[in-house]
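Data block below; observations after.
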Amino acid sequence: MTERARSERHAGRVTAVVFDLGGVITESPMTAFAAYEEEAGLPSGLIRRLNSTDPDTNAWARFERNELDAAGFSAAFEAEAAAEGHRIDAARVLEALHGALRPAMIAAVRRLRAEGLPLALLSNNVAPMERTGELGELLGLFDAVVESSTEGVRKPEPEIYRRALARLSEAVGRPIEATDCAYLDDLGINLKPARALGFATIKVVDPAVALAELTALVGFPLDGPE
């Protein structure tokens with residue numbers, strides 16, 4: 001199907017989509033964080049609070065920009081917890097990052113791809129993602145994959161959103177502007193700079209609700225046949 005034919009089939013507000021990974025396409029690590037906190041007798045929300053304190057310079061931020069290796073992160077993160085009077089096993093925290101894929105989100109990505117919309121994945125992570133197995137198959141659905149660990153910048157720094165647009169434009173061979181795009185993330189702090197740049201933003205709390213919002217933006221259903 002030609003691009004013109006696709007545009008005639010649906011007239012959506014956006015013509016490209018950028019997805020976060022954790023908490024959007026995969027289950028949120030916050031659930032696993034909470035389970036570990038309960039198991040270890042830690043205050044509820046401690047891990048999330050540590051991650052949001054000094055958000056540009058804390059251990060998590062430096063790890064996602066690849067300024068720390070795993071050992072350096074573990075030492076720094078455990079020290080941040082100790083400064084608040086708590087003992088945390090950083091290895092258990094990192095294990096929580098590997099959430100299961102959400103089938104409805106995968107189906108939506110496949111439908112968007114079948115309709116020819118440019119797609120990008122924009123993820124804060126601590127190491128480049130493997131291009132093999134189930135994850136490799138997922139990454140293959142996107143025209144561009146932008147990772148904080150390889151870029152040296154991370155959300156919510158505006159530069160990484162600009163890089164996502166540049167990578168996507170390069171991949172599809174035409175300019176993609178922020179105003180062309182929807183951006184889905186589970187964290188409001190990451191949505192705010194995207195919205196300021198011109199993205200239509202969707203906060204993912206309930207995946208079904210988020211996909212209904214995205215359906216309205218792209219102008220065609222995301223749960224039908226590809």
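For the single chain, residues carry numbers from 1 onward in sequence order. The structure displayed is predicted, hence computed values, not measured ones.
Taken to the nearest 0.5 Å, the CG atom of L119 stands 5.5 Å off from the CG atom of D143. Atom CD of E134 and atom CD1 of I106 lie 7.5 Å apart (nearest 0.5 Å). Expressed to the nearest 0.5 Å, how far CD of E80 lies from CG of N58 amounts to 5.0 Å. A distance of 12.5 Å separates NZ of K203 from OH of Y183, quoted to the nearest 0.5 Å. S28 OG to L187 CG: the interatomic distance, rounded to the nearest 0.5 Å, is 7.5 Å. Going from atom OG of S74 over to atom CD1 of I88 covers 11.5 Å, rounded to the nearest 0.5 Å.
Checked by atom type and distance alone, the side chain of S148 pairs as donor or acceptor with a backbone atom of E64 at under 3.5 Å. Not a single donor-acceptor pair under 3.5 Å links the side chain of R48 to the backbone N or O of M30. Put simply, the side chain of E151 never gets that close to the backbone of V146: no donor and acceptor are under 3.5 Å apart. Using a distance-only test at 3.5 Å, with no hydrogens or angles considered, no donor-acceptor pair links the side chain of D180 to the main chain of T15.
Cluster annotation: Y36 is connected to V126 through the hydrophobic network of ILVMFWY side chains, with a link wherever side-chain heavy atoms come within less than 4.5 Å. If you chain together hydrophobic residues whose side chains sit under 4.5 Å apart, L217 and L121 fall into the same group. Residues I25 and L214 share a hydrophobic cluster, clusters being chains of Ile/Leu/Val/Met/Phe/Trp/Tyr side chains in contact below 4.5 Å. Linking ILVMFWY residues whenever their side-chain heavy atoms come closer than 4.5 Å, directly or via other members, places F19 and V145 in the same cluster.
Salt bridge annotation for E137-R110: present, with a cationic side-chain nitrogen under 4.0 angstrom from a carboxylate oxygen. A salt bridge does not link E170 to R167: none of the charged side-chain nitrogens sits closer than 4.0 Å to a carboxylate oxygen. With respect to E147 and R131, a salt bridge is recorded, a charged nitrogen being found less than 4.0 Å from a carboxylate O.
The environment of I189 atom CD1 is sparse: at most 12 non-hydrogen atoms of other residues, nucleotides or ligands sit within 6.0 angstrom.
Shortest non-hydrogen contact noted between A76 and R62 is CB-NH2, 3.7 Å.
Side-chain contact between Y161 and K155 is present, with at least one heavy-atom pair separated by less than 4.5 Å. The shortest side-chain heavy-atom distance between W60 and V93 falls under the 4.5 Å cut-off.
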Tell me, with the steps shown, if F33 and L97 meet side-chain contact (heavy atoms from CB on, under 4.5 Å). CA-CA 9 Å; F33 289 165; L97 300 180; 4.1 Å; yes
Evaluate salt bridge (Lys or Arg N to Asp or Glu O under 4.0 Å) for E157 paired with R154, printing each intermediate quantity in order. CA-CA 6 Å; E157 297 170 47; R154 65 190 286 271; 5.2 Å; no
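Put simply, the residue from I202, N124, V18, D20 that forms a side chain to side chain contact (heavy atoms under 4.5 Å, CB included) with D185 is D20.
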